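Remember, predicted model here, so these are calculated numbers, not experimental data.
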2 protein chains.
Amino acid sequence: MQDEQIEAMAKMLKSMSHPIRLKILCLLLDKELSVGEIREQVQTTHANISQHLNILRGQGIIDYRKDANFIYNKIIDKRILDLIKKIHLLFCPNF
Amino acid sequence: MQDEQIEAMAKMLKSMSHPIRLKILCLLLDKELSVGEIREQVQTTHANISQHLNILRGQGIIDYRKDANFIYNKIIDKRILDLIKKIHLLFCPNF
DNA sequence: CAACTATTACATTAAAAAATGAAATACCCC
DNA sequence: GGGGTATTTCATTTTTTAATGTAATAGTTG
């Protein structure tokens with residue numbers, strides 16, 4: 001495996017490895033959610049949520065659509081769905 | 001999924017998500033290696049390698065045994081083997 | 001035991017990531 | 001257009017993580 005690929009994988013993992021971002025991804029596993037709906041479940045400020053969403057967008061993991069003055073987010077990198085399911089299976093076997 | 005579990009998973013992912021640490025884990029996928037052997041493949045200082053190894057040890061991902069004045073490292077958390085293989089499969093399909 | 005190799009510990013500096021607060025934008029409804 | 005809601009942007013501060021250099025430890029060998 002090449003260093004370049006390792007760098008890319010590490011970057012991807014890093015973008016998932018913050019508790020808030022991982023929680024956002026778990027929330028988005030099976031549905032899209034607005035920023036406000038995400039914020040209800042993740043106790044922090046608007047600005048902070050927005051920044052974390054931006055990191056996930058920048059990494060190409062999620063995308064959004066606008067509807068009125070709501071922004072709905074969803075996971076677009078299908079590999080991430082797979083990966084989170086695998087992590088869940090390995091590390092939370094009792095669910 | 002509970003916040004506690006998400007925190008734990010994020011912590012585990014974070015420990016893997018530095019390029020040097022991910023590379024160390026990839027090197028250790030199928031064999032144990034001494035600190036020096038690892039260092040040959042990862043261009044940085046002794047001290048730095050040692051610190052990264054400590055993070056992986058602290059997370060319970062790797063363990064070591066002493067032989068003479070060498071320290072041989074290996075992955076002990078079998079879930080990590082699985083996870084890295086999955087990541088590899090998803091993100092480097094051409095290998 | 002002296003010289004040597006491998007590895008770690010510790011203190012410091014440098015760099016990156018995260019959180020915060022306030023202001024800006026965008027869209028809706030009356 | 002004015003007031004309201006949702007979200008983002010930006011600048012700043014705080015916190016965390018990583019790297020570096022030097023000294024220390026542990027084991028080996030002659």
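- What separates CZ of R39(B) from P of dT5(C) is a distance of 14 Å, to the nearest Å.
- Look at CZ on R57(B): it is 13 Å from C1' on dA9(C), rounded to the nearest Å.
- F70(B) places none of its side-chain heavy atoms less than 4.5 Å from the side chain of E37(B).
- The I71(B) side chain lies nearest to dT8(C) when the options are dT8(C), dT8(D), dT20(D).
- Here dA9(C) presents its C1' atom at 16 Å from CD1 of I49(B), a figure rounded to the nearest Å.
- Nearest to the side chain of H46(A), among dT8(D), dA9(C), dC27(C), sits dT8(D).
- Residue-level contact check: R21(A) touches the backbone only, with heavy atoms under 4.0 Å from sugar-phosphate atoms and none from bases.
- Counting distance only, with no hydrogens placed and no angle test, the side-chain atoms of Q51(B) and the base atoms of dA19(D) include a donor-acceptor pair under 3.5 Å.
- The side chain of S34(A) lies closest to dT7(D), out of dT20(D), dA17(C), dT7(D).
- Side-chain atoms of I20(B) lie closest to dA19(D) of the nucleotides dT8(C), dA19(D), dT8(D).
- At the phosphate of dA17(C), OP1 or OP2 sits under 4.0 Å from a side-chain N or O atom of K14(A).
- Between the base of dT5(C) and the side chain of N69(B) there is a donor-acceptor pair shorter than 3.5 Å.
- Rounded to whole Å, atom C1' of dT7(D) lies 11 Å from atom OH of Y64(A).
- Within the 4.5 Å cutoff, no side-chain heavy atoms of Y64(A) are placed close to those of K74(A).
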* Asked: Going through the distances and angles, do D63(A) and R57(A) end up as a salt bridge (charged side-chain N to carboxylate O under 4.0 Å, His left out)?
  -> CA-CA 6 Å; D63(A) 199 3; R57(A) 287 169 191 155; over 6 Å; no

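- Sequence order on DNA chain C of the closest nucleotides to A68(A) and T45(A) puts T45(A) first from the 5' end.
- The interatomic distance linking R65(A) (CZ) with dT7(D) (C1') rounds to 15 Å, in whole Å.
- Among the nucleotides dT7(C), dC27(C), dA18(D), the one closest to any side-chain atom of V35(B) is dT7(C).
- Looking at heavy atoms from C-beta onward, I84(B) lies in side-chain contact with M16(B) at the 4.5 angstrom threshold.
- Note: CZ (F70(A)) to P (dT5(D)) measures 11 Å, nearest angstrom.
- Summarising the geometry, the separation between CG on L56(B) and P on dT8(C) is reported as 12 Å, rounded to the nearest angstrom.
- For the 3.5 Å distance criterion, the side chains of R65(A) and N73(A) fail to qualify, holding no donor opposite an acceptor.
- Nucleotide dA6(C) holds its C1' atom 12 Å from the CD atom of E40(B), rounded to whole Å.
- For H18(A), taking side-chain heavy atoms from C-beta onward, the closest of the listed nucleotides dA19(C), dC28(C), dT8(C) is dA19(C).
- Residue A47(A) is classed as a base contact, given a heavy-atom separation below 4.0 Å to a base.
- Without hydrogens or angle criteria, R21(B) side chain to L53(B) main chain gives no donor-acceptor distance under 3.5 Å.
- Listed candidates were dT20(C), dG27(D), dT7(D). Nearest to the side chain of N48(A) is dT20(C).
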